[in-house]
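To start, the structure under review is shown below, and the notes come after it.
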Amino acid sequence: MKIATWNVNSLKVRLPHLLDWLNAVDLDVIALQEIKTLDDGFPSAELAAAGYRAVSNGQKTYNGVALLARGELRDVVRDMDGFADDQKRVIAATINGVRFVSVYVVNGQSVGSDKYAYKLRFLDALHDYLAGELDRHPLLAVGGDFNIAPTPQDSHDPAIWEGGVLCSGPERAGLNRLLALGLHDAFRLFPQAANSFTWWDYRQAAFSRNLGLRIDHWLLSTPLAAHARSAHVDLAPRRLERPSDHAPLIVDLMPGV
DNA sequence: ATGGTTGCCGTGCAA
């Protein structure tokens, strides 16, 4: 089973890229973030024609997440129970016996800002939410834009990024608390090239200079991580004209999970 | 040099 997570930065704008990519890469499950569209405007027919069912938790202009699958999506849950939030950042569904979560973690703007405080609260809520999901679903895969680079090697220049938003201690502590639940950063289960990133700022030709961060992740529960056979960033969609600022992260799981 | 790029029913704001 091949799974991917991709922050598309507007599903409307990126739909041609997404459809071409789905055609080129044989994926079973895709977690999308920043779809920036209401469920009403969701391109279900186009995706169905490409062979995918979809569920979404959409919002106008900002945020919004979705899950696509070749198979049936069961027990769909939107948002985190008990965390009051107008922003649509979480959706979960069970596919082929595996529980999937697509999450768009708060960006946080800058350390010490109100949005940063909201990010830390969101991470706390995500911790409690995923603890519950793990209790119910031993096979759990959480994919998304976490807006956190786990270590200094996950930014192109620690001198610039360390301590700032996306690379600060409290954010990393929040991510490490998720891992301490028994989740594993799928990308680091395998040897990877240095300077592997998933996001590059649109400005200053950051992508062509590989000035990026690794902030998109698949977190796998221990029984699921045991079935992972590879993980890689797919740079092809980021190279296209008018791309998302993120590249997809693909994880291959052995059949029969 | 406090810039720069993208997407949004927007004309500033969030990323």
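Predicted model, so just to flag it, every value in this text is computed and none were measured. Chain naming here is simple, since letters A, B, ... match the order of the sequence lines and numbering starts at 1 in each.
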For atom [atom1], what is the distance between [N] and [M], given to the nearest Å?
N: B:dT11; M: B:dT6; atom1: C1'; result: 15 Å
N: B:dG10; M: B:dT5; atom1: C1'; result: 16 Å
N: B:dG3; M: B:dG12; atom1: P; result: 15 Å
N: B:dA14; M: B:dG4; atom1: C1'; result: 15 Å

Under 3.5 Å: donor-acceptor pair, side chain of [X], backbone of [Y]:
X: A:K119; Y: A:N107; value: yes
X: A:Q59; Y: A:K88; value: yes
X: A:S221; Y: A:P138; value: yes
X: A:Y202; Y: A:P243; value: yes

Rounded to whole angstroms, how far apart are [atom1] on [X] and [atom2] on [N]?
X: A:N63; N: B:dC13; atom1: CG; atom2: C1'; value: 13 Å
X: A:Y118; N: B:dA14; atom1: OH; atom2: P; value: 12 Å
X: A:L11; N: B:dC8; atom1: CG; atom2: P; value: 10 Å
X: A:Q87; N: B:dC13; atom1: CD; atom2: C1'; value: 13 Å

message = Counting neighbours of CG on A:D135 that are heavy atoms of other residues, nucleotides or ligands and sit closer than 6.0 Å, is the number greater than 12?
response = yes
task = Would you kindly confirm whether A:Y52 and A:W6 end up in one hydrophobic cluster when ILVMFWY residues are joined by side chain heavy atoms under 4.5 Å apart?
result = yes
Path from A:L126 to A:Y118 over hydrophobic side-chain contacts below 4.5 Å = yes
task = Would you indicate what A:F207 reaches in the nucleic acid, counting non-hydrogen atoms under 4.0 angstrom: base, sugar-phosphate, or nothing?
result = nothing
ask   = Does a side chain donor of either A:N7 or A:W199 reach within less than 3.5 Å of an acceptor in the other side chain?
value = no
task = Using ring-ring contact (aromatic ring centres under 6.0 Å, His included) as the criterion, list what pairs up with A:F207, not counting sequence neighbours.
result = A:W200
For DNA chain B, the residues among residues 155-171 of chain A that have a non-hydrogen atom under 4.0 Å from it = none
note = Sorted by position of nearest nucleotide on DNA chain B, 5' first, the leading residue of A:K12 and A:E34 is A:K12
request  = Between protein and nucleotides 1-7 of chain B, map the contacts as a letter string: B base, S sugar-phosphate only, - none, heavy atoms under 4.0 Å, written 5' to 3'.
outcome  = ---BBSS
